Amino acid sequence: IEDFKGVIPAMLTPFTKDEEIDEAGIRDLTEYLLSFNIGGLYLTGSTGETFLMNEEERKKVLEIVMDQVAGRVPVVAHIGTLSTKAAIELAKHAESLGVAGISSVPPFYWRHSEEAIINYYKDIVESVDLPMIVYNIPLAGLMSVDTIKKLAELKNVCGVKFTSTTLFEITQIKDATPEGFMIFGGADELASSNLAIGVDGIIGSFYNLIPDLFIQIRENVKNGNQAKAEELQRYAVRIIMDVLKHGSMVGAMKSILRKAGIEAGYSRRPFLNFEDERQKEVVNSLLSIENI
Ligand code: NAY
């Protein structure tokens with residue numbers, strides 16, 4: 001897991017037009033992403049439309065990617081779901097495939113108590129021998145720094161992926177957790193800032209679409225050229241906002257990638273796919289930005 005760092009795409013899951021798992025597309029997209037200097041792949045997370053898949057499908061996607069990657073970069077599998085029992089099954093399956101680690105959102109929807117949430121993570125990490133990256137994201141109910149601190153005390157909880165558009169909590173988490181506890185920035189809008197405050201890596205959706213731009217941002221931060229990193233980040237934010245304004249972010253990104261000849265496939269409903277007239281609008285707005 002120590003090698004899991006830098007720019008890490010939260011990989012899209014290509015589906016066919018009729019919403020089946022698109023094995024060829026998954027393999028193509030994997031190869032495309034591996035052609036950049038990425039630090040790993042984060043599988044079946046929000047960007048991977050994980051909650052639109054059943055458990056068998058989630059396993060299948062992971063199997064295909066693990067086979068295609070063949071050890072070239074570390075893969076972390078998001079195994080989170082509403083039921084501890086199901087999450088453990090996914091975790092064991094991921095372990096059998098040789099992933100570098102697992103990750104999970106807290107169980108959401110029922111607004112569980114802190115105790116139930118901690119038990120959820122505890123039960124998972126005790127059932128496998130894999131590092132766990134806790135996935136803290138407002139969509140699943142943002143956990144407090146104090147809860148993260150408690151989770152960090154569990155065996156094998158090695159880090160947190162913090163997806164928020166505020167920065168200060170990352171510094172609080174750093175202060176509250178032991179040296180070496182890994183922190184991943186999850187908001188692509190804040191990539192340069194997250195890197196500047198010393199996150200181990202950035203995991204996000206837009207590293208499927210414009211990985212090179214974020215790799216350059218990281219290089220500039222690493223080389224002490226923060227001003228250049230900020231300039232590139234401003235450009236990235238324009239692209240992000242322009243894609244987000246269409247809604248159905250994953251559908252919009254896939255539409256752009258398809259147009260660019262990358263077999264990223266389609267999204268599952270209710271996400272929109274922008275394959276009609278609106279595809280032009282999605283793609284054109286991006287192209288007009290590129291000319292700025
Ligand atoms: C995942 O599991 O797919 C992620 O890590 C995604 C993190 C993303 N957050 C959400 C809510 O999708 O990359 C970000 C996000 O799409 C981006 O910052 C644009 O807002």
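Read the numbers this way: they start at 1 and go in the same order the structure lists the ligands and their atoms. Because the structure is a prediction, the values reported are computed rather than measured. In this chain, numbering begins with 1 at the start of the sequence shown.
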Legend entry - Amino acids in close contact with ligand 1, where any non-hydrogen atom sits under 4.0 angstrom away: Ala10, Tyr42, Gly45, Ser46, Thr47, Tyr135, Ile137, Leu139, Lys161, Thr163, Gly186, Ala187, Asp188, Glu189, Ile203, Gly204, Ser205, Phe206, Leu244, Met249
Legend entry - Arg258 to Phe274, cation-pi by 6.0 Å centre distance and 45° axis angle: no
Inset, instruction - Describe, in one word, how the ring planes of His78 and Tyr135 are oriented to each other, choosing from parallel (under 30°), tilted (30 to 60°) and perpendicular (over 60°). - result: perpendicular
Inset, instruction - Please determine if Arg72 and Glu31 form a salt bridge, counting it only when a charged side-chain N lies under 4.0 Å from a carboxylate O. - result: yes
Inset, instruction - Could you tell me whether Glu19 and Arg269 make a salt bridge, using a distance below 4.0 angstrom between a side-chain N and a carboxylate O? - result: yes
Inset, instruction - Flag this pair as yes if the NZ/CZ of Lys254 is under 6.0 angstrom from the six-membered ring centre of Tyr266 and inside a 45 degree cone about the axis; otherwise no. - result: no
Inset, instruction - Using the side chain to side chain donor-acceptor pair (under 3.5 Å) rule, collect all pairs that involve residues 80-91, keeping only residues at least two apart or in two chains. - result: Lys59-Glu89
